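Inspection log for the structure reproduced underneath, given as structure tokens.
Since the structure is predicted, the reported quantities are computational estimates derived from the model, not experimental observations.
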Amino acid sequence: MMMKNLVLFLCLCFFTLVVSETDSNDVKILNSFKRGLNNSELLPWPEEGGDPCGSPPWKYIFCNGNRVAQIQTKNLGLVGPLPPNLNELTMLENLGLQNNNLNGPLPSFKGLTNLKYIFLGHNDFDSIPVDFFEGLKSLEVLALDYNEKLNASNGGWNFPATLEDSAQLRNLSCMSCNLVGPIPGFFGDMASLSVLLLSGNNLTGEIPATLNAVPALQVLWLNNQRGEGLGGKIDVLASMVSLTSLLLRGNSFEGSVPMNIGDLVSLKDLDLNGNEFVGLIPSGLGGMILDKLDLNNNHFMGPIPEFAASKVSYENNEFCEAKAGVMCAFEVMVLLEFLGGLGYPWILVDSWSGNDPCHGPWLGIRCNGDGKVDMIILEKFNLSGTLSPSVAKLDSLVEIRLGGNDISGTIPSNWTSLKSLTLLDLSGNNISRPLPSFGKGLKLVIDGDPHGSAPEGSLSLPGTGSSSTKGESPSTDKHNPNPSEDSSPNPKSSSSFESNNSSNGKKIVPIVVPIAGVAAAAFVLIPLYVYCFRKKKGVSEGPGSLVIHPRDASDLDNVLKIVVANNSNGSVSTVTGSGAGITTGSSESRVIEGANL
């Protein structure tokens with residue numbers, strides 16, 4: 001019996017020795033790794049051979065059967081390169097080499113289909129191959145932080161599209177790893193992504209709109225980009241309701257904070273420090289229960305809300321008051337809403353500061369003797385956006401001059417309540433119709449607008465005059481006694497629309513058009529008629545003059561007078577009316593029938 005037990009024990013020992021012997025190629029790769037280190041003594045492994053998966057196993061090595069599954073040599077201060085054939089450890093699942101001084105090129109990890117965790121941060125690698133991420137189908141965590149020289153000789157690098165195949169990727173951390181260019185849009189297709197840390201790189205462009213399609217994203221760090229940095233607006237972030245930490249510090253983000261930022265109910269840490277944000281702080285942001293809120297070094301305007309955040313800072317902005325919870329002056333709030341409609345142009349943001357638009361650098365704003373805003377003069381300021389209805393609250397306004405900009409949309413209907421307004425110049429913009437019905441006395445200037453045409457009956461035209469010779473008096477337009485003067489501020493590019501001239505245009509237009517046609521025809525046909533008549537009678541033609549008096553709108557008989565004078569004998573022929581002419585003077589006078597004209 002004892003003999004049988006002994007035989008069984010020996011068999012088990014032999015079987016254990018056989019199955020525990022590490023794959024020979026795995027052993028070669030580990031030996032190569034140690035030999036390449038400048039301080040290889042930090043790894044207590046044999047120089048050659050050995051059994052990493054045997055009993056006892058090698059320190060820092062973990063196996064699955066006879067294959068190496070993990071290498072955990074973090075925080076050892078190792079110096080040297082990685083073996084170029086590291087991807088032949090085909091059963092590798094976890095690689096922890098962070099916080100060393102490993103250097104040289106990163107080898108390709110192509111084909112490591114079982115690899116789930118890659119920790120290579122805080123080393124000194126200088127390049128990463130283009131096929132590094134191919135086939136990493138099981139990858140869940142990737143950390144390459146603080147390898148600041150990666151592909152430095154080529155100006156940096158960015159994630160290749162092959163990373164998209166790592167559909168199980170949850171944590172991607174590449175802070176200060178020399179990334180350049182835009183944030184890849186394919187991140188939006190990685191549904192498992194919950195942590196994305198890309199701080200301290202050279203990323204540019206805007207936050208891709210596709211990111212809001214990642215339902216699991218909780219932590220997004222894009223802070224402290226070097227150079228130009230990331231920019232644009234951050235509206236896309238307001239719909240990423242799973243976010244708990246959002247760091248955007250040290251970039252060039254602009255525009256106003258989204259009004260619906262309060263929808264991020266899970267957010268605890270928000271850092272907007274050192275950007276180009278402008279405008280009013282939304283009430284939703286003020287009410288967010290955050291652990292930390294940093295709004296320093298931007299261009300926020302208006303009042304400082306009473307924040308619900310545990311820790312908040314908002315230094316170096318353009319608030320109207322220094323104390324939280326204190327409202328701005330009424331006219332300041334109105335003008336800031338007007339500014340918001342124009343998209344907060346920098347030329348005005350930089351000068352519209354303080355709490356009194358009548359005392360300070362408020363560019364384009366003028367006030368009356370009572371300290372009320374009565375003029376907004378912002379012509380040719382390259383403004384865009386739309387007109388704010390809030391302007392209707394400035395009831396002392398006399399003039400609004402916004403010509404020569406690129407403002408679009410309609411004129412707010414409540415602007416008709418501005419009873420003191422006498423001039424509204426919107427020429428050279430993109431104002432849409434219909435136009436509001438303003439009261440009498442307002443001059444509305446919109447011509448020069450490529451999309452503009454006056455509503456029927458609202459165009460104020462110059463009067464129609466007539467030329468005269470030999471003492472004839474020109475007709476006088478009763479609606480415009482001084483037709484030579486153009487009442488518009490810019491006669492070359494605009495016409496004025498006045499509500500009290502609507503009927504005048506209708507009376508003038510039917511008169512002016514036929515007179516102009518008759519005059520033109522007479523000027524051509526009368527000399528031809530006289531020439532033919534004289535040639536037929538054999539009378540030599542003396543020097544003559546032709547005077548044409550068009551129909552006069554002020555003449556109740558509305559007749560047409562034509563005078564043909566022969567300077568050789570002083571004879572004069574006058575034709576009146578539209579029937580046969582009445583001839584006076586010598587035989588040199590001619591009878592002209594109005595019908596022939």
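- A distance of 9.0 Å separates CG in Leu142 from CZ in Phe109, rounded to the nearest 0.5 Å.
- Checking side-chain atoms of Asn405 against main-chain N and O of Asn382 turns up a donor-acceptor pair under 3.5 Å.
- A side-chain donor-acceptor contact under 3.5 Å links Asn273 and Asn297.
- Aromatic ring orientation, Trp157 versus Phe159: perpendicular (interplanar angle above 60°, classes split at 30° and 60°).
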* Going through the distances and angles, do Val68 and Phe62 end up as a side chain to side chain contact (heavy atoms under 4.5 Å, CB included)? -> CA-CA 6 Å; Val68 174; Phe62 300 87; over 6 Å; no

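- Closest heavy-atom contact between Cys53 and Gly65: CB-O, 3.8 Å.
- How far OG of Ser390 is from CG of Leu335: 7.5 Å, rounded to the nearest 0.5 Å.
- In this structure, the side chain of Asn100 engages the main chain of Thr73 through a donor-acceptor pair within 3.5 Å.
- Side-chain atoms of Asn296 and Ser313 include a donor-acceptor pair closer than 3.5 Å.
- The two residues Leu280 and Met333 make their nearest non-hydrogen contact at CD1-CE, 4.3 Å.
- Ion pair Arg67/Asp26 flagged as a salt bridge, since at least one NZ, NE, NH1 or NH2 atom sits closer than 4.0 Å to an Asp/Glu carboxylate oxygen.
- Applying the side-chain contact (heavy atoms from CB on, under 4.5 Å) test between Leu92 and each of Ile71, Ile29, Asn114 identifies Ile71 as the sole match.
- Of the possible polar contacts, none joining the Thr410 side chain to the Pro412 backbone as a donor-acceptor pair under 3.5 Å is found.
- Side-chain atoms of Asn317 come within 3.5 Å of backbone atoms of Tyr314 as a donor-acceptor pair (strictly under, hydrogens ignored).
- Rounding to the nearest 0.5 Å gives a distance of 7.0 Å between CG of Leu106 and CG of Leu144.
- Counting heavy atoms from C-beta on, the side chains of Leu248 and Ile234 come closer than 4.5 Å.
- Although no hydrogens or angles enter the test, the distance criterion places a donor-acceptor pair under 3.5 Å between the side chain of Asn123 and the main chain of Gly121.
- Few gaps surround CD on Glu41; more than 12 heavy atoms of other groups in view lie less than 6.0 Å from it.
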* So Leu383 and Leu378, side chain to side chain contact (heavy atoms under 4.5 Å, CB included) or not? Walk me through it. -> CA-CA 8 Å; Leu383 304 176; Leu378 297 171; 3.9 Å; yes

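- Remark: Arg249 engages Asp271 in a salt bridge, criterion side-chain N to carboxylate O under 4.0 Å.
- For the pair Leu43 and Leu76, the minimum side-chain heavy-atom distance is below 4.5 Å.
- For Ser173 and Asp145, the side-chain atoms include at least one donor-acceptor pair closer than 3.5 Å.
- The shortest side-chain heavy-atom distance between Leu198 and Met175 does not fall under the 4.5 Å cut-off.
- A side-chain contact (heavy atoms from CB on, under 4.5 Å) with Pro107 is found for one member of Ile128, Asn85, Leu82 and no other, namely Leu82.
- Of the N and O atoms on the side chains of Asn202 and Gln225, not one donor lies less than 3.5 Å from an acceptor on the other residue.
- Not a single donor-acceptor pair under 3.5 Å links the side chain of Asn171 to the backbone N or O of Val141.
- Atom CG of residue Asn201 and atom OG of residue Ser199 lie 8.0 Å apart, to the nearest 0.5 angstrom.
- Taking a 6.0 Å sphere around CG of Leu363, one finds it holds more than 12 heavy atoms contributed by other residues, nucleotides or ligands.
- Counted by atom type alone, Asn275 and Glu254 present zero donor-acceptor pairs between their side chains at under 3.5 Å.
- Between the CG atom in Asn251 and the CD atom in Glu228 there is a gap of 10.0 Å [rounded to 0.5 Å].
- A donor-acceptor distance shorter than 3.5 angstrom exists from the side chain of Asn87 to the backbone of Lys110, with no hydrogens or angles considered.
- A centroid separation of 6.0 Å or more is found between the aromatic rings of Trp346 and Tyr344.
- A salt bridge links Asp124 with Lys149: the closest approach of a Lys/Arg side-chain nitrogen to an acidic carboxylate oxygen falls below 4.0 angstrom.
- Between the side chains of Asn75 and Asn99, at least one donor-acceptor pair of N or O atoms lies under 3.5 Å.
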* Apply side chain to side chain contact (heavy atoms under 4.5 Å, CB included) to Ile431 and Ile411, showing your working. => CA-CA 7 Å; Ile431 303 302; Ile411 301 173; 3.9 Å; yes

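- Crowding of Arg226 atom CZ: a count of heavy atoms from other residues, nucleotides or ligands under 6.0 Å exceeding 12.
- Formation of a donor-acceptor pair under 3.5 Å by the Asn429 side chain with backbone atoms of Asp406 is found in this model.
- The nearest pair of heavy atoms linking Met240 to Leu211 is CE-O, 3.9 Å.
- Within the model, atoms CG of Asp126 and CG of Asn147 stand 9.5 Å from one another, a figure rounded to the nearest 0.5 Å.
- Asn151 and Ser127 are not linked by any side-chain donor-acceptor pair at a separation below 3.5 angstrom, with hydrogens and angles left out of the test.
- Taking 4.5 Å as the limit, every side-chain heavy atom of Phe125 sits out of range of all side-chain heavy atoms of Asn103.
- Using modelled atom types, one finds a donor on one side chain and an acceptor on the other under 3.5 Å when comparing Ser245 with Trp221.
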* Does the pair Leu237 and Ile207 meet the rule for a side chain to side chain contact (heavy atoms under 4.5 Å, CB included), with working shown? -> CA-CA 9 Å; Leu237 300 176; Ile207 298 174; 3.7 Å; yes

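- Residues Phe119 and Leu97 form no side-chain contact, since every pair of their non-hydrogen atoms from C-beta on lies 4.5 Å or further apart.
- Between Glu140 and Arg170 there is a salt bridge, since a side-chain N of the basic residue sits under 4.0 Å from a carboxylate O of the acidic one.
- Asn39 places a side-chain N or O within donor-acceptor distance of the main-chain N or O of Gly77, the cut-off being under 3.5 Å.
- The closest side-chain heavy-atom distance from Ile365 to Val373 is below 4.5 Å.
- Under the 3.5 Å distance criterion, the side-chain polar atoms of Ser252 are left unmatched by any main-chain donor or acceptor of Gly229.
- Between Glu331 and Gly371, the shortest heavy-atom distance links the atoms OE1-O, 4.0 Å.
- Annotation: side chain of Phe187 is not in contact with side chain of Pro208 (no heavy-atom distance under 4.5 Å).
- Nearest approach of Val312 to Ala309, heavy atoms of both residues: CB-CB, 4.4 Å.
- Two residues are said to be in side-chain contact when any heavy atoms from C-beta on lie closer than 4.5 Å; Pro184 and Asn158 meet this criterion.
- Taking both residues in full, the closest heavy atoms of Asn298 and Glu276 are given as OD1-N, 3.5 Å, listed atom of the first, atom of the second, then distance.
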